[in-house]
Amino acid sequence: MSVIDMFVQLQNGLSADQDVREEIRKVVQSLEQTAREILILLQGVHQEAGFKDIPAKCLLAREHYGTVRAQLAALQTKFPTEQYYKFHDQWRFVLQRLVFLASFLVYLESETLVTREAAAEILGIAYEREKGFHLDIEDYLSGVLNLANELSRLAVNSVIAGDYSRPLRIASFINELDFGFRLLNLKNDSLRKRYDGLKYDVKKIEEVVYDLSIRGLSKEEPAPAQGK
């Protein structure tokens, strides 16, 4: 094979990859739009009236995840399964955002942490690497770390809405989350930086709880069913 023929062959390979990436990009754009719609919907809970509508907002968010599952199913048809990590960077960030939104949704519903398996089920994908398109462990962890910032905001807005017990429950949850991440040996630079952000969220929530305690408003009440 001549040098020219070799580079023609290489260019054909590059062109084929570019075509695949373009097809992936189109699906990812749709996923980003759906993620924005879910975010707007769930962030409505931060408004004073939003606390009363948590169950309804969660149901609507669950419906939106039906669209997400269809979009992720379409994404999986755009490249060979064994090339998951070759193209992973193209959907990594939107998948992390969707995991964050799923974790926020589950927290609003039950005040528990979504498992990786449950998050994968909500997304309609596998969690085992052997099955090809799956929820990568680092993508799951990144999404969960984003939850901490949203809950620190929820703690502040709960006080504004006159819900003084919710910040105490959030504080307990975030402290458990922080302890869990301390058990991990995080070698991924991005994850380590996001974990540093968790420390600030813990501190912010602790300040909210401290303010409630000095005002005599820190008596914890049982968690209401379905976020009511």
Side-chain angles (χ1 to χ4, degrees), residues 14-46 50 53-110 112-151 153-154 188 190-191 194 226-227:
L14 288 173
S15 297
D17 274 0
Q18 289 169 357
D19 290 343
V20 171
R21 291 183 187 280
E22 177 60 23
E23 290 300 309
I24 291 173
R25 186 188 66 81
K26 293 175 182 177
V27 181
V28 168
Q29 284 182 328
S30 299
L31 280 166
E32 289 171 343
Q33 177 59 37
T34 306
R36 282 192 291 270
E37 292 171 2
I38 297 172
L39 178 64
I40 292 170
L41 179 63
L42 291 181
Q43 285 195 332
V45 304
H46 292 294
D53 297 331
I54 286 177
K57 291 181 184 300
C58 289
L59 284 173
L60 286 173
R62 289 271 180 185
E63 291 177 6
H64 277 69
Y65 269 100
T67 302
V68 169
R69 287 190 288 274
Q71 290 167 338
L72 286 173
L75 178 60
Q76 295 175 58
T77 68
K78 304 302 180 184
F79 61 94
T81 301
E82 64 273 12
Q83 294 184 1
Y84 175 89
Y85 281 106
K86 179 177 182 179
F87 301 107
H88 177 235
D89 278 350
Q90 286 198 255
W91 62 76
R92 175 162 54 97
F93 293 113
V94 71
L95 199 63
Q96 290 173 5
R97 169 163 281 203
L98 288 166
V99 170
F100 148 62
L101 292 169
S103 66
F104 189 34
L105 167 62
V106 169
Y107 181 83
L108 290 173
E109 289 176 334
S110 61
T112 59
L113 176 63
V114 68
T115 65
R116 181 175 165 223
E117 293 83 354
E121 184 178 354
I122 292 171
L123 296 171
I125 60 178
Y127 62 88
E128 305 99 327
R129 182 171 182 166
E130 298 76 20
K131 292 192 175 180
F133 196 99
H134 65 286
L135 177 55
D136 183 81
I137 292 176
E138 291 182 353
D139 289 341
Y140 166 73
L141 292 173
S142 294
V144 168
L145 280 170
N146 287 335
L147 173 65
N149 182 259
E150 197 70 25
L151 291 183
R153 182 184 173 197
L154 185 64
N188 180 297
S190 176
L191 275 176
R194 293 193 187 194
Q226 295 293 312

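None of the values given here were measured: they were computed from a predicted structure. All values below were derived from every heavy atom in this structure, side-chain atoms included, with hydrogens, water molecules and symmetry-related copies excluded.
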Original post:
Got a donor-acceptor contact below 3.5 angstrom from the Gln76 side chain to the Leu72 backbone?
Top reply: yes
Rounding to 0.5 Å, atoms CD (Glu63) and CD (Glu37) come to a distance of 12.5 Å
Those residues at least two apart in sequence (or on a different chain) that pass side-chain hydrogen bond (donor to acceptor under 3.5 Å, both in side chains) with Arg194 are Gln96
Worksheet item: Cut-off 3.5 Å, side chains only: do Gln71 and Thr34 have a donor facing an acceptor?
Response: yes
In short, Val99 meets Gly143 closest at the heavy-atom pair CG1-CA, 4.0 Å
Residues at least two apart in sequence or cross-chain that pass side-chain hydrogen bond (donor to acceptor under 3.5 Å, both in side chains) with Lys131, listed by chain then number, are none
Taken to the nearest 0.5 Å, the spacing of Ile54 CD1 from Tyr107 OH works out to 9.5 Å
Give a yes or no on whether Gln90 atom CD has more than 12 heavy-atom contacts from other residues, nucleotides or ligands under 6.0 Å away. yes
Output for pair (Leu151 CG, Ser103 OG), nearest 0.5 Å, gives 8.0 Å
query = Is it the case that Asp136 and Tyr85 place a side-chain donor and acceptor less than 3.5 Å from each other?
reply = yes
Closest non-hydrogen atoms of Phe104 and Leu147, given as atom of the first, atom of the second and distance, are CA-CD1, 3.6 Å
Distance col, row Lys57:NZ vs Ile40:CD1, nearest 0.5 angstrom, shows 11.0 Å
Taken to the nearest 0.5 Å, the spacing of Leu154 CG from Leu42 CG works out to 11.0 Å
Apply side chain to side chain contact (heavy atoms under 4.5 Å, CB included) to residues Leu95 and Leu31 and explain how you reach the verdict.
CA-CA 8 Å; Leu95 199 63; Leu31 280 166; over 6 Å; no
Discussion item. Salt bridge (charged side-chain N to carboxylate O under 4.0 Å, His left out) for Glu32 and Arg97? Distances and angles first, verdict last.
Written reply: CA-CA 9 Å; Glu32 289 171 343; Arg97 169 163 281 203; over 6 Å; no
Point to revise | Heavy-atom check, side chain of His134 versus side chain of Arg129, under 4.5 Å | key: yes
Taken to the nearest 0.5 Å, the spacing of Ile38 CD1 from Thr67 OG1 works out to 8.0 Å
Smallest heavy-atom separation, Ser142 atom then Leu191 atom, equals OG-CD2, 3.3 Å
Side chains of Glu22 and Gln18: any donor to acceptor distance under 3.5 Å? no
Checklist entry - How far apart are the C-alpha atoms of Gln29 and Gln33, what are their side-chain angles, what is the distance that settles it, and do they pass the side chain to side chain donor-acceptor pair (under 3.5 Å) test? => result CA-CA 6 Å; Gln29 284 182 328; Gln33 177 59 37; over 6 Å; no
Taking side chain as C-beta onward, heavy atoms only, is Leu98 less than 4.5 Å from Tyr65? yes
Can the ring centres of His88 and Phe93 be said to be less than 6.0 Å apart? no
Strictly distance-based, threshold 3.5 Å: is any side-chain N or O of Arg116 a donor or acceptor partner for the main-chain N or O of Leu135? yes
Taking the inter-plane angle between the rings of Phe133 and Trp91 on a 0 to 90° scale, is it parallel (under 30°), tilted (30 to 60°) or perpendicular (over 60°)?
tilted
Here the pair of heavy atoms bringing Ala120 nearest to Tyr127 is CB-CB, 3.9 Å
All heavy atoms of Ala35 vs all of Leu101, minimum pair found to be O-CD1, 3.4 Å
- [ ] May I ask you to test the Glu138-Arg92 pair for a side-chain heavy-atom distance under 4.5 Å?
- [x] no
If we only count heavy atoms from C-beta on, is the Arg69 to Leu123 side-chain gap below 4.5 Å? no
In terms of heavy-atom contacts, Lys78 and Val20 come closest through O-CG1, 3.4 Å
side-chain contact (heavy atoms from CB on, under 4.5 Å) with Leu141: of Asp139, Ile137, Val144, only one passes, and it is Ile137
